[in-house]
**Q** 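What follows is a structure written as structure tokens; I'll ask about it next.
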Amino acid sequence: MGTVHARVVVQHVNIEGLGRTKEDLLGYEISEVFDAKNLIDVMKKSHIARQKLLRLGIFKEVEVVIDTSDGADALPNGLDVTFEVTEMKRLTGSYNTMVGNNEGSMVLGVKLPNVFGRAEKLTFQFSYGTKETSYGLSFFKPQPGNFERNLTLNLYKVTGQFPWSSLKETDRGVSTELNFPLWRTNHTLKWEGVWRELGCLARSASFAVREESGHTLKSALSHTMSIDNRNSAIFPKKGALLRINQELAGYTGGDASFLKEDFELQVNRRLVWDSVLSASLWGGCLLPIGGRPSSIADRFYLGGPTSVRGFGMYSIGPQSEGDYLGGEAYWAGGLHLYTPLPFRPGRGGFGDLFRTHFFLNAGNLCNLNYGEGPRAHLQRLAECVRWSYGAGIVLRLGNIARLELNYCIPMGVQSGDRYNTQTFGGAGQTRLL
Amino acid sequence: MSLAAEAFVSQIAAAEPWPENATLYQPLREDQILLSDCASSLAVQAYLRMCNLPVHVSCRSNAEYMSPSGKVPFVHVGNQVVSELGPIVQFTKAKGHSLSDGLDDVQRAEMKAYMELVNNMLLTAEISRPRYSSPYSWPLNQILAYQKQWEVRRKMNAIGWAGKSLEQVYEDVSQCCQALSQRLGTQPYFFNKQPTELDALVFGHLFTILTTRLTSDELGEKIKSYSNLLAFCRRIEQSYFEDSQAGSSSRGYSKGPSLF
């Protein structure tokens with residue numbers, strides 16, 4: 001053998017330890033290893049193939065063994081690469097109990113990875129509580145050779161309580177979702193059929209909310225396009241995110257009938273001294289079709305520790321007797337400056353999870369009269385803008401969420417909005433102004 | 001309602017006079033309302049007209065979900081929402097309108113007894129022949145229709161009516177009508193000269209059974225055999241609903257067909 005740059009030929013690529021996984025699925029993931037020209041290349045390509053095998057979500061462990069080839073047809077510079085895999089168990093279960101908000105519940109989860117051998121996944125979650133029960137069944141199937149193209153089928157029942165509107169909602173639905181990448185963007189096509197049951201949360205609910213109680217059926221097609229080249233979803237240092245979503249309900253059955261558009265844009269840029277400037281913009285509008293008024297369950301809401309800070313949770317905009325009814329059009333924008341903690345305590349370790357941030361948030365939510373022209377609409381959205389500014393500390397929780405403690409000064413408060421100065425909120429990685 | 005809640009409602013109610021825009025909500029007339037709901041709604045409308053209190057009638061497909069107790073009809077008066085005849089009578093009493101003030105205790109007890117009789121007999125007879133169509137889209141209309149059917153069946157089981165044959169139901173209704181007819185005698189109303197909530201309730205139920213186009217008319221025939229009950233219904237219709245007969249607006253009143 002010469003140096004690591006000497007020419008080699010990969011003669012065999014094997015996978016050992018397969019049980020129920022079908023081999024044709026894996027062929028696509030490991031095929032590139034055959035193209036390696038020298039030892040360094042073999043190691044790089046094997047590493048990439050290992051990552052690809054792991055992302056299928058069907059193996060607990062993947063180990064790579066590279067050896068010289070032997071056997072009758074062995075070449076002097078031939079190599080054999082073997083992936084030693086450990087499949088996940090057929091069935092895993094979990095059981096939790098949760099207590100919170102005057103309700104206790106037990107949650108049972110069941111997961112079957114790799115059900116039929118081609119990385120299909122079946123998950124079931126069931127939550128039985130003192131007040132409500134909910135469940136969800138989900139089946140995921142990727143296209144063999146193209147994991148990013150996949151299909152998901154969902155069946156669910158969820159209940160939600162929204163004290164800011166004195167509303168409770170029970171949704172029973174079924175949805176199918178198709179994901180596929182196209183050039184640099186990611187697209188999702190989804191059909192969803194939901195039976196929604198709305199009710200008043202308390203006897204003191206306003207009459208406007210009472211009028212929305214009852215059953216509705218929504219059957220909607222939606223399309224989402226997203227481009228995300230940020231380096232992280234929680235504390236991005238650079239990159240941008242653009243997501244555009246449209247939903248059309250009513251043409252495939254049901255009694256809810258509308259066209260809904262909304263978008264989300266976030267841009268991040270690194271500045272001097274390890275600080276990051278982040279700007280985001282959201283907007284959306286709901287256009288009822290066929291003369292029927294929009295339902296409170298479809299409208300947009302604004303306000304709270306994850307959108308316009310300094311205002312109560314979803315407590316901006318049209319309201320009736322203290323219950324917030326949501327609006328048919330909105331926009332919201334935020335400008336943040338993230339810096340490391342002053343004097344950088346705990347640098348290199350715990351301290352890196354924290355950041356201080358200074359922010360400016362603004363937004364507006366209103367109903368539009370679609371008989372007027374777009375100029376009137378823009379004017380309506382531009383007057384009575386709510387905005388706030390402040391500072392606080394942010395903590396990163398793994399790669400899933402972040403926790404904030406802020407001091408805000410709300411401005412432009414309109415009559416009917418609820419506001420407060422200290423806000424404490426967690427946020428997932430998807431929607432954060 | 002609990003005693004404390006009643007006291008609270010009375011206090012709030014007494015503060016304001018009856019507004020002009022009071023509204024009564026009931027399910028859609030055409031393809032949704034059940035016989036028993038129609039009777040209850042008519043009873044409440046008759047009562048309010050007897051008290052001379054104006055009310056608009058509004059038909060909504062989600063009326064029973066809007067109601068705080070789940071039962072129709074309900075009235076929206078000022079800020080208050082009150083459902084079913086009993087609580088509505090209490091509510092109007094708190095505002096100073098009452099039809100049974102002139103009765104003594106014995107008569108009042110008698111009135112309550114007859115109202116219970118009507119509720120038990122006639123209401124459940126109406127439930128035994130329900131209609132299950134729905135203004136929602138598929139498959140929601142099927143699901144809700146099954147749910148309703150199941151609920152009604154459960155209710156009938158609870159009061160022991162599940163085993164009753166149609167003949168027995170007619171027999172019970174006949175007995176109820178006989179009792180009412182005897183009590184009414186030749187008087188214009190059940191308690192002589194002035195109508196009370198009992199008159200409104202009896203009118204609501206009898207009129208609905210007599211004019212409904214849905215059932216096979218056996219129930220209607222039973223009632224028609226008691227001529228004083230028939231005359232009673234005509235009299236109330238003439239006195240309290242006739243003013244809207246000529247030139248009624250669509251929001252005005254929703255009695256539907258007439259006895260004439």
Side-chain angles (χ1 to χ4, degrees), chain A residues 155 157 159 165-175 191-220 249-258 289-298 319-323 325, chain B residues 1-2 4-6 8-9 12-13 19 21-28 31-33 37 56 58-84 87 91 132-148 151:
Chain A
L155 181 71
K157 173 192 170 198
T159 55
S165 306
S166 294
L167 185 75
K168 67 173 190 247
E169 181 176 339
T170 303
D171 287 352
R172 296 172 180 85
V174 60
S175 74
W191 173 81
E192 184 176 27
V194 193
W195 164 21
R196 300 184 297 204
E197 191 179 333
L198 299 169
C200 296
L201 200 53
R203 213 189 181 292
S204 54
S206 68
F207 200 72
V209 170
R210 209 172 260 291
E211 280 184 307
E212 305 251 14
S213 312
H215 299 266
T216 58
L217 187 67
K218 176 180 92 157
S219 163
Y251 285 92
T252 45
D255 46 54
S257 187
F258 59 80
I289 300 177
R292 261 179 158 193
S294 56
S295 165
I296 197 173
D298 295 319
Q319 52 99 17
S320 158
E321 297 170 41
D323 293 334
L325 307 173
Chain B
M1 280 203 281
S2 72
E6 271 180 45
F8 182 67
V9 168
I12 303 277
N21 63 347
T23 318
L24 177 138
Y25 291 90
Q26 64 168 40
L28 301 176
D31 51 3
Q32 196 186 23
I33 195 167
D37 291 340
H56 299 277
S58 177
C59 297
R60 298 283 179 99
S61 63
N62 59 341
E64 71 182 294
Y65 307 108
M66 280 166 72
S67 161
S69 68
K71 302 257 173 38
V72 289
F74 68 93
V75 290
H76 181 218
V77 177
N79 280 355
Q80 302 272 312
V81 179
V82 192
S83 62
E84 294 181 87
F91 182 71
Y132 299 129
S133 51
S134 181
Y136 299 101
S137 44
W138 186 90
L140 199 55
N141 54 1
Q142 308 266 25
I143 298 174
L144 292 179
Y146 283 137
Q147 234 181 22
K148 196 94 206 197
E151 250 174 60

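Order of the sequence lines fixes the chain letters, A, B, ..., with proteins taken first and strands second; residue numbering starts at 1 for each chain.
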**Q** State the OG-CZ distance between Ser69(B) and Arg203(A), to the nearest 0.5 angstrom.
**A**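 If I round to the nearest 0.5 Å, the distance is 8.0 Å.
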**Q** Heavy-atom count around Trp138(B) CH2 within 6.0 Å, excluding the residue itself: above 12?
**A**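 Counting other residues, nucleotides and ligands, CH2 of Trp138(B) stays at 12 neighbours or fewer.
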**Q** Looking only at atom types and distance, does a side-chain atom of Asn62(B) sit under 3.5 Å from a main-chain N or O of Glu211(A), one as donor and one as acceptor?
**A**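 Yes: the side chain of Asn62(B) pairs with the backbone of Glu211(A).
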**Q** Below 4.5 Å, heavy atoms only, C-beta onward: do Leu217(A) and Tyr136(B) meet side chain to side chain?
**A**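 A side-chain contact under 4.5 Å is absent here.
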**Q** Does the plane of the ring in Phe207(A) sit parallel, tilted or perpendicular to the ring in Tyr25(B)? Use 30° and 60° as the thresholds.
**A**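 Ring orientation of Phe207(A) relative to Tyr25(B): tilted.
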**Q** Please look at Thr216(A) and chain B and tell me whether the side chain, the backbone, both or neither of the residue comes under 4.5 angstrom of a heavy atom of that chain.
**A**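 Just the backbone, heavy atoms under 4.5 Å.
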**Q** Is Ser67(B) in contact with chain A via its backbone, its side chain, both, or neither, using a 4.5 Å heavy-atom distance?
**A**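 Answer is backbone: N, CA, C or O of Ser67(B) sit under 4.5 Å from chain A.
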**Q** For residues Ser213(A) and Tyr65(B), report the shortest heavy-atom separation together with the two atoms involved.
**A**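 That would be CB-O, 3.6 Å.
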**Q** With a 4.5 angstrom heavy-atom cut-off, is it the side chain or the backbone of Glu197(A) that approaches chain B, or both, or neither?
**A**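 No part of Glu197(A) comes within 4.5 Å of chain B.
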**Q** Could you state the interatomic distance from CG (Leu140(B)) to NE2 (His215(A)), rounded to the nearest 0.5 Å?
**A**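 Result: 7.0 Å between the selected atoms.
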